[in-house]
Amino acid sequence: MNKDLLSCLDLNTEDISTIFDLSASLKKGRGKGNQPRPLEGKSVGVIFAKSSTRTRVSFEVGITELGGHAVILDQGMTQMGRGESIPDTAHVLERYLSAIVIRTFKQSDVEGLAANAKIPVINALTDDFHPCQALTDIFTMYEYAGDLSKVKMAYIGDGASNMANSLMLASKLSGVTMTIASPEEYAPRKDIMDMNIGPGSASWTTSLKEAMDGADFVYTDVWVSMGFEKESAERMRILKPYQLNMDTLKMGKKDVKVLHCLPAHRGDEITDDVMDSPASIVFDQAENRLHVQKAIMSLLIK
Ligand code: CP
Ligand code: NVA
């Protein structure tokens with residue numbers, strides 16, 4: 001496995017199986033005695049330049065459960081917020097910490113930290129990628145479906161979001177067949193769609209019906225990602241036909257399951273009746289962040 005997890009491109013198909021096996025075993029053992037504590041005596045920095053509920057809590061709880069100590073930092077309150085360089089920050093933090101988890105805007109900042117620090121850097125969301133979430137999502141599908149090579153996932157809405165990017169990579173690596181339905185304005189990144197990196201696939205259509213046809217899972221993300229608030233009105237208007245509502249749900253398989261990275265904007269990208277329906281597995285998915293991130297940290301932090 002690579003030193004860092006900056007995007008799913010740091011992983012191969014075998015790494016993903018290793019992460020999933022450990023996630024399942026940590027999930028099963030949680031709360032029982034004699035759990036592994038690979039972070040005993042270690043501190044992990046968790047830096048946020050954007051809001052968070054799930055990532056903030058699941059990383060802190062996960063680090064504690066692995067025996068470590070989490071140093072949670074608001075990026076704006078560190079000297080990075082006043083212009084201290086990324087390389088200088090990396091050289092300082094590696095003297096104290098065993099790993100850095102960071103949520104920020106620019107992917108290049110996360111890459112810069114990783115290039116300059118000897119310790120692992122884990123991307124907890126940038127404008128471009130959210131690998132911990134995408135791995136969790138595929139793990140959740142694996143729990144429900146078993147054989148990922150038979151899984152068909154429809155992703156509807158903003159095809160150019162950090163989630164769409166990461167899910168395309170994770171699907172390709174894990175064997176999932178992903179079809180994105182989005183308007184032309186928010187079409188998926190062609191460079192990622194064209195990558196040949198594993199047994200799965202990612203394709204794009206503007207037709208909801210086409211993407212939903214035979215779907216075992218349907219996934220959506222917010223229409224206005226963090227940092228894109230200025231584009232709100234335009235995004236809501238253009239993405240409106242791609243809402244995950246009961247009519248959309250009926251286009252999938254009879255037992256289609258609903259995924260959403262959360263937070264959900266109920267009434268926008270997803271309706272209340274879908275969020276609250278028996279098809280929705282979004283809270284199992286949210287719980288799995290904890291187990292999957294514990295597995296990732298156990299494997300990366302030596
Ligand atoms: N899904 C996710 O990353 O949630 P938060 O923004 O609450 O961390
Ligand atoms: N695309 C969303 C994901 C939130 C977890 C955002 O970046 O805001």
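Just so it is clear, the model here is predicted, and its values are computed rather than measured. Ligands are counted one by one from 1 in listed order, and the atoms in each one are counted from 1 as well.
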Per-atom contacts, ligand 1 versus His130 - under 4.0 Å to a heavy atom: 2 (C), 3 (O)
Residue part near ligand 1, for Gln133, under 4.0 Å between non-hydrogen atoms: side chain
Parallel, tilted or perpendicular: rings of Tyr144 and Phe217 (30°, 60°): perpendicular
Atom 2 (C) of ligand 1: the protein heavy-atom neighbour that sits closest, reported with distance to 0.1 Å: Arg289 NH1, 3.3 Å
Any donor-acceptor N or O pair under 3.5 Å, side chains Asn245, Thr248: yes
Within-cut-off N or O pair, Ser225 and ligand 2, under 3.5 Å: yes
Nearest neighbour in protein (non-hydrogen) for atom 7 (O) of ligand 2: Asn162 ND2, 2.8 Å
Enclosure of Lys106 NZ (heavy-atom neighbours >12, cutoff 6.0 Å): no
Closest approach of any protein heavy atom to atom 4 (O) of ligand 1, naming residue and atom: Arg54 NE, 2.8 Å
Basic-acidic side-chain contact under 4.0 Å: Glu185, Arg235: no
Proximity of Leu125 to ligand 1 by residue part, where a heavy atom lies under 4.0 Å: neither
Under 4.0 Å to a heavy atom of Asp221 - the qualifying atoms of ligand 2, by number: 1 (N), 2 (C), 3 (C)
Set of ring pair (Phe, Tyr, Trp, His ring centres under 6.0 Å) partners for Phe20, sequence neighbours left out: Phe139, Tyr142
Numbered atoms and elements of ligand 1 in range of Cys261, under 4.0 angstrom, heavy atoms: 1 (N)
Ligand 1 N/O within reach of Leu262 N/O, cut-off under 3.5 Å: yes
For Leu125, atoms of ligand 2 separated by under 4.0 Å from a heavy atom: 3 (C), 4 (C), 5 (C), 7 (O)
Nearest-contact summary for atom 7 (O) of ligand 1 - protein heavy atom, Å: Thr53 N, 2.7 Å
Given Val46, Val71, Val44, the one that forms side chain to side chain contact (heavy atoms under 4.5 Å, CB included) with Leu97: Val71
Ligand 2 versus Asp127: contacting region, heavy-atom distance under 4.0 Å: neither
Electrostatic pair Asp276-Arg266, nearest N-O below 4.0 angstrom: yes
Ionic contact status for Asp255 with Lys253, cut-off 4.0 Å: no
4.0 Å heavy-atom contact, Leu262 with ligand 2: yes
Lys50 to Phe105, cation-pi by 6.0 Å centre distance and 45° axis angle: yes
Enumerated ligand 2 atoms positioned under 4.0 Å from heavy atoms of Met226: 6 (C), 7 (O), 8 (O)
CD (Glu40) with more than 12 external heavy atoms under 6.0 Å: yes
Taking atom 6 (O) of ligand 1 as the reference point, the nearest protein heavy atom with its distance: Arg103 NH1, 2.8 Å
